[in-house]
**Student:** 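Have a look at this one before I ask anything.
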Amino acid sequence: MGHAGMAAAAVRYLRSGPARPVEALPRPELRCVGEDERAPVDQAEFRRVLGNFATGVAVVTSPATDGESGPAGFACQSFSSLSLDPPLVAFMVGRTSTTWPCIARAGAFCVNVLAADQGALCRGFAVSGGDKFAGVAHDAAPVSGSPRLAGALAWIDCTIHAVHTGGDHLIVVGRVDDLGTADTPEAPLLFHRGRFL
């Protein structure tokens, strides 16, 4: 039976009688894997294998809050869109990050998606301490006031929606308040096997 024949048969079936209720499948039981259930994966091997997945690179920024000398920001390769309705994005940050508490206090952040020529900028935001914004051109994102970096391919201005634990990282979910792209599209900055592409 061709595609047209299968479609016609499906329509005949749907029209053949009153609608029958569809029973939902039982929900799977969710639980954490116990430490004694399987041997842990070697961390070096984990990094080596997962490094084969190329990712985009972003800088997550937040505005200065009371008691801070300036805005906060860090380089992030674990960023993703999460939901269209409502519009949500997510990024992961290490629990030991010194930048995360600043972002948490601000309650908002801006994701700056970096362009291929912004590798040096990324390296500057990847180090701890110091004034990461020294000499970095930026303006304020329209809703949160977080730094919006000049030359970024895209920016996503967010309010923190939820924070979940994920091993040695936190999963931060943001509700998108505003967003935009650069006037002239360029290639993105990519990270693969420990280096920029």
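Count residues from 1 along the sequence.
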**Student:** Holding to side-chain hydrogen bond (donor to acceptor under 3.5 Å, both in side chains), I want the full list of residues that pass it with Ser83, two or more places apart in sequence or in another chain.
**Tutor:** none

**Student:** Clusters formed by hydrophobic residues whose side-chain heavy atoms approach within less than 4.5 Å: which one holds Val136, and what are its other members?
**Tutor:** Val57, Val59, Leu114, Leu121, Phe125, Phe133, Leu149, Leu189, Phe191, Phe196

**Student:** Do you know which two heavy atoms are closest between Ala152 and Ala182, and how far apart they sit?
**Tutor:** O-CB, 3.5 Å

**Student:** According to the ring-ring contact (aromatic ring centres under 6.0 Å, His included) rule, which pairs have a member within residues 63-82, sequence neighbours left out?
**Tutor:** Phe74-Phe91

**Student:** Give me the atom names and distance for the closest heavy-atom approach of Pro63 to Gly145.
**Tutor:** CB-O, 3.8 Å

**Student:** Side-chain contact test, heavy atoms from C-beta onward, threshold under 4.5 Å: evaluate it for Ser146 versus Thr61 and give yes or no.
**Tutor:** yes

**Student:** I'd like to check Pro86 versus Arg175 (side-chain heavy atoms, cut-off strictly below 4.5 Å). Are they in contact?
**Tutor:** yes

**Student:** How would you list, by chain and number, every residue that makes a salt bridge (Lys or Arg N to Asp or Glu O under 4.0 Å) with Glu186, sequence neighbours excluded?
**Tutor:** none

**Student:** Measure the CG-CG distance between Leu179 and Asp157 for me, rounded to the nearest 0.5 Å.
**Tutor:** 9.0 Å

**Student:** What's the spacing between Phe109 CZ and Cys102 SG if we round to 0.5 Å?
**Tutor:** 15.0 Å

**Student:** Heavy atoms only: give me the nearest Ala141-Cys110 pair and the separation to one decimal.
**Tutor:** CB-SG, 4.2 Å

**Student:** How does the hydrophobic cluster around Ile171 look, that is, which other residues are in it when side-chain heavy atoms under 4.5 Å mark a link?
**Tutor:** Met92

**Student:** Only pairs at least two apart or in different chains count here, so list each ring-ring contact (aromatic ring centres under 6.0 Å, His included) that has a residue in residues 35-59.
**Tutor:** none

**Student:** Around atom CG of Leu84, are there more than 12 heavy atoms of other residues, nucleotides or ligands at under 6.0 Å?
**Tutor:** no

**Student:** Quick one about Arg193 and Asn52 (side-chain donor to acceptor, distance below 3.5 Å, no hydrogens or angles considered), yes or no?
**Tutor:** yes

**Student:** Check side-chain hydrogen bond (donor to acceptor under 3.5 Å, both in side chains) between Asp117 and all other residues, then give those that pass, not counting sequence neighbours.
**Tutor:** none

**Student:** How far does CG of Asn112 sit from CG of Leu153, to the nearest 0.5 angstrom?
**Tutor:** 10.5 Å

**Student:** Other members of the hydrophobic cluster containing Val173, with the 4.5 Å side-chain heavy-atom rule, please.
**Tutor:** Leu82, Leu88

**Student:** With side chains defined as the heavy atoms from C-beta onward, is the minimum distance between Leu170 and Thr165 less than 4.5 Å?
**Tutor:** yes

**Student:** Any pair with a residue in residues 148-178 that passes ring-ring contact (aromatic ring centres under 6.0 Å, His included), sequence neighbours left out, goes on the list, sorted by first then second residue, please.
**Tutor:** none

**Student:** Say you draw a straight line from CD1 of Ile160 to CD1 of Ile103; how long is it, rounded to the nearest 0.5 Å?
**Tutor:** 7.5 Å

**Student:** Got a sec, which residues hit salt bridge (Lys or Arg N to Asp or Glu O under 4.0 Å) with Arg48, two or more places apart in sequence or on another chain?
**Tutor:** Glu45

**Student:** Asp131: which residues meet the salt bridge (Lys or Arg N to Asp or Glu O under 4.0 Å) condition with it, sequence neighbours left out?
**Tutor:** none

**Student:** Hey, does Pro142 have a side-chain heavy atom less than 4.5 Å from the side chain of Arg148?
**Tutor:** yes

**Student:** Mind checking whether Cys158 and Val89 have side chains closer than 4.5 Å, heavy atoms only?
**Tutor:** yes

**Student:** Counting only heavy atoms not in Arg47 (residues, nucleotides, ligands), do more than 12 fall under 6.0 Å from its CZ?
**Tutor:** no

**Student:** Please name all residues satisfying salt bridge (Lys or Arg N to Asp or Glu O under 4.0 Å) with Arg95, sequence neighbours left out, ordered by chain then number.
**Tutor:** none

**Student:** Side-chain heavy atoms under 4.5 angstrom apart, residues restricted to Ile, Leu, Val, Met, Phe, Trp, Tyr: same cluster for Val163 and Ile156?
**Tutor:** yes

